[in-house]
Amino acid sequence: MARVRERDVAAFEAVYDAYHRLVHGIALKMLEDTMAAEDLTQAVFLKVWTTPDTFREGNLGAWLARVTRNRALDALRSRALHPEGEMPVDVPVEGALDDAVFALIDGERVRAALAQLPPEQRDPIALGFFGGITHEEIARRTAMPLGTVKTRIRTGLRKLRSALEASMAG
Amino acid sequence: MSEHAEMIDSIALLALGVLPEAEAQAVAEHAQGCAECRAEYAELRTAADAIGYDAELRPSFRGADAARLKSRVMDAVRASGAAPVASGGAKVVALPDRIGAARDRRLWFAYAAAAAALIVAIATGANDIALRGRLAANATRDAQLADIVAPGSKHFSVPLGEVVTSGGRVYLALRGLADPPQGKVYQAWTLQRGEKAVAPSITFSPDPSGVTIVELPEPVANLAAVALSVEPVGGSKAPTSTPAFVRPLS
């Protein structure tokens, strides 16, 4: 990213090659529309190029995933499919992204780690992340009490992190 | 239950991004002053951030679609050229030298709007949360910029800018638009093919950044022309002032 900040097109292309499957994949999964997903993918990478300083530290893939998800939520809201009006809030916490965990991460590892979660934990997590809905809506759709949703998401995220760490260690 | 106990239960929801905005803000504010919640957030946020990789396309995602998408992105990037980096680290986004060149003209607003957004971001950068909020608010604008510079977009010159059609959408991209008189706003008008009179479209005020980008709600299909005039706040059913421009889309 240092070279991208210096306007190095080749460096940008390397970033694109490394992460376009992640960005485009999230866009496709959330928007379920090929053209809209391509538009969003272009917008995300154009952001990388035009305002590279918005990425400050941590893992670039994780940052791109978050940016893509937030953009997709914007797009979903603009379609009025999600009238709840919830906004992603980002908390600046030092060390929020653990490079050791992310160093070797890829789709296969995450899919394998998610597969280790029981469905009652995996489903609300996936619904919340990709569906862009609130925990209250998750509770409504899954017919679970709010407290149960909270507990299962928390437990599921902890297990997911452990599974990812084990995967990296292995 | 104490405030802390209530908040830490919500940290996982915050990390996953599934809290309504007001609740998320409250939990985030608590987390910033609570070491235990901050640590919990950092740990769970790592897991939450990883979930996006579940959607990562397989390495087999190649072929015409992948090549076309990459070409589209790289075209936009290459066309934007290099911008010098100021000694203080802040970027100065250069405007194209040859405004008259078709390619440069097509990209002019992307440069200018990116520069304006960057200046606003730097100006508000003292507070991390404020900066992040500002950047989030720019998301829609960035998507519009991507639309405007997309290959296949069509650009029609008007005073102070362009009318741009792209992906079935219509934009006004204007620079240096003066503030309208007190009690007035700008109003766009659209003329459908086969019609003799314009129909009222969106009303707006100039963007403080100096670059105003407005997406019209009407789809581009069947549009014959776009016009702009100054109207009373709330808009008019028919133009009450001489239009600043009437631009045929052909």
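These numbers were taken from a predicted model, which means no experiment stands behind them. All chains are named by letter (A, B, ...) in the order of the sequence lines, taking the proteins before the strands, and each is independently numbered beginning at 1.
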Nearest atoms (heavy-atom pairs only) where [X] meets [Y]:
X	Y	result
A/R69	B/G17	NH2-O, 3.2 Å
A/V110	B/D54	CG1-N, 3.7 Å
A/R161	B/A42	NH1-O, 4.2 Å
A/L157	B/A47	O-CB, 3.4 Å

Atom pair CG/OG1 of A/L160 and B/T46 - distance to nearest 0.5 Å: 10.0 Å
Would you mind checking which part of [X] comes under 4.5 Å of any heavy atom in chain B, side chain (CB onward), backbone (N, CA, C, O), both or neither?
X	answer
A/K29	side chain
A/D8	neither
A/I26	both

Is any side-chain heavy atom of [X] less than 4.5 Å from a side-chain heavy atom of [Y]?
X	Y	value
B/V73	A/F12	yes
A/T134	B/L19	no
A/I138	B/V18	yes
B/D49	A/F129	no
A/R158	B/E40	yes
A/H24	B/L57	yes
B/L69	A/H20	no

Most contacts with chain A, counted as non-hydrogen pairs under 4.5 angstrom, among B/A12, B/A48, B/A22, B/A55: B/A55
Check: A/R154 side chain, B/S10 main-chain N or O, donor-acceptor pair, under 3.5 Å: no
Donor-acceptor contact below 3.5 Å, side chain A/R111 vs main chain B/E56: yes
Residues A/D39 and B/R72 bridged, charged N to O under 4.0 Å: yes
Leading residue by heavy atom contact count with chain B [cutoff under 4.5 Å; candidates A/K159, A/M35, A/E136, A/E38]: A/E38
Criterion side chain to side chain contact (heavy atoms under 4.5 Å, CB included) on A/E108 and B/Y53, from CA distance to verdict: CA-CA 8 Å; A/E108 293 307 314; B/Y53 277 87; over 6 Å; no
